Trainee: 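Take a look at this one; I'll ask things after.
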Protein chains: 2
Amino acid sequence: MQWSELEDQACSVSRTISVIGDRWTLMILRDCFLRVRRFDDFQERLGIGRPILADRLKKLVDAFVLTKVAYQNNPTRYEYRLTPKGLDLYPIIMSIVHWGDTHMAGKKGRPLLHHHKTCNHQFDPVMVCSECAEPLDPREVRTSLGPGARHPQHMPVELAAGVHQRSAKAKSSDEARPKATGRAKLKAPAGA
Amino acid sequence: MQWSELEDQACSVSRTISVIGDRWTLMILRDCFLRVRRFDDFQERLGIGRPILADRLKKLVDAFVLTKVAYQNNPTRYEYRLTPKGLDLYPIIMSIVHWGDTHMAGKKGRPLLHHHKTCNHQFDPVMVCSECAEPLDPREVRTSLGPGARHPQHMPVELAAGVHQRSAKAKSSDEARPKATGRAKLKAPAGA
DNA sequence: CTGATGAATGCCGAATAGGAACTTATATAA
DNA sequence: TTATATAAGTTCCTATTCGGCATTCATCAG
């Protein structure tokens, strides 16, 4: 499978990985959230080669994750800023940071601390259910087919087992709609 | 920078990326959470080459993200299961899925739906603050140095700017740039 | 004009991906 | 007994991609 085929797949993970599934891209994005914006700053902080950096930045701009903003004229120079789409990557980056803090930190502890201005506490990111606000445990989640489902290889094994080529009818009980009852403030963008 | 150098860095993102920052690895992990466990199932679902699959599985086992469990004897065959450390990757995978659902879904909608057994609702994952349970907005988060902090290139720009270890040519950049915040609050909050 | 700065390219060796066939070990079928 | 099927790899080879160095490009300061 080629890199470019990934984004054509009917799988959200594949398509996301086609944008961010690259070592350098993730490092660049981390720096973006640390408010790094200029080519040479990225280059110096990451120790990345300039050609690769240029390539990754261009791809991120093409994917509307970053946008080039002129910060001076004559010559016009640009800096790279996160778009709203790029800002939405925050949970991914924070999840990665938190996993690293939890499982990969050296004996000295975590390198960075996060302080929430809203509540004025140091915090950890927690992934919760949009409906009941409970932290998510993978064993408490059941996956079912959505309207965009196409290929069995993107389904959980227990659903893929009976399906062979074509789009399967969602056979789970609540196939219908997300119907967000419950805490409105937790409701994530519905997407699609 | 080599792949192998990443894991030596004092940055949680670097170290995490050294484990999961690979296209195939992320796809494999997605399948793990969809309860795929056997070599040939991974191979068939992902269309990945067998050598690469074997390599990635081995790396994940070495990183204690997966573990090999014998599911039969004569001949002994193993399947791959997520360890607790691997299960902790769930927020990362879910963040990726959700971003893809939100920003990369085709017109047909998302391929998979997630149902929370705990509350019996279809849901989206939301990343919240562990202290106040509010959804996280990157602009409401301030980053500060933790006990494991070492290199300025892992700090947010406004903190790295004041650190001495910076290379000599930094003077011009500091001059030309609007001073963000001073270095007033560099000190990390004491305990979590 | 010359040099400095910020950014993008070309070239080339090294690493990686991908496919096909091969291996091992056993159970089942002919 | 031989043959076939199965699961989990491994070996080998080719083609692509990656990463780093040096260069190029455009513009402004002097």
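As a basis for the values below, the full set of heavy atoms in this structure was taken, side chains included, without hydrogen atoms, waters or symmetry mates. In what follows, every chain begins at residue 1, and chains take the letters A, B, ... in the order their sequences are listed. All of these numbers come straight from a predicted model, not from anything done at the bench.
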Trainee: Does atom NZ of B:K117 have more than 12 heavy-atom neighbours, drawn from other residues, nucleotides or ligands, at distances under 6.0 Å?
Mentor: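 Correct, the count exceeds 12.
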
Trainee: Find the distance B:R45:CZ to D:dA8:P and express it as a whole number of Å.
Mentor: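 Roughly 15 Å, once rounded to whole Å.
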
Trainee: Using whole Å, report how far CG of A:D22 lies from C1' of D:dG19.
Mentor: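 So the two atoms are 12 Å apart, to the nearest Å.
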
Trainee: Which of these passes salt bridge (charged side-chain N to carboxylate O under 4.0 Å, His left out) with B:D31: B:R38, B:R45, B:R37?
Mentor: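 Of the listed options, the one satisfying the test is B:R45.
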
Trainee: Under 4.0 Å from OP1 or OP2 of C:dA17: is there any side-chain N or O of B:R23 that close?
Mentor: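 Indeed not, no polar side-chain atom of B:R23 lies that close.
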
Trainee: Output all residues satisfying salt bridge (charged side-chain N to carboxylate O under 4.0 Å, His left out) with A:E134, sequence neighbours left out; order by chain, then residue number.
Mentor: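 By the salt bridge (charged side-chain N to carboxylate O under 4.0 Å, His left out) rule, A:E134 matches no residue at all.
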
Trainee: Between A:R110 and A:D124, does any side-chain N to carboxylate O distance fall below 4.0 Å?
Mentor: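 Judged by the 4.0 Å cut-off on N to carboxylate O distance, A:R110 and A:D124 do form a salt bridge.
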
Trainee: With respect to the phosphate group of D:dC18, does any side-chain polar atom (N or O) of A:W24 fall under 4.0 Å of OP1 or OP2?
Mentor: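 No, because none of the side-chain N or O atoms of A:W24 sits under 4.0 Å from OP1 or OP2 of D:dC18.
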
Trainee: Working to the nearest 0.5 angstrom, can you tell me the gap between A:M127 CE and A:L136 CG?
Mentor: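 If we round to the nearest 0.5 Å, A:M127:CE and A:L136:CG are 7.0 Å apart.
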
Trainee: Restricting to nitrogen or oxygen on both sides, can you table the protein-nucleotides 7-10 of chain C pairs closer than 3.5 Å?
Mentor:
residue	atom	partner	partner atom	Å
C:dA7	OP1	A:Y78	O	3.1
C:dA7	N7	A:R50	NH2	3.1

Trainee: Taking only N and O in the side chain of B:R56, is any of them less than 4.0 Å away from OP1 or OP2 of D:dG9?
Mentor: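 So the side-chain polar atoms of B:R56 never come under 4.0 Å of the phosphate oxygens OP1 or OP2 of D:dG9.
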
Trainee: If the threshold is 4.0 Å, N to carboxylate O, is there a salt bridge linking B:R23 and A:D22?
Mentor: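 Looking at A:D22 together with B:R23, the answer is no, because their closest N to O distance does not fall below 4.0 Å.
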
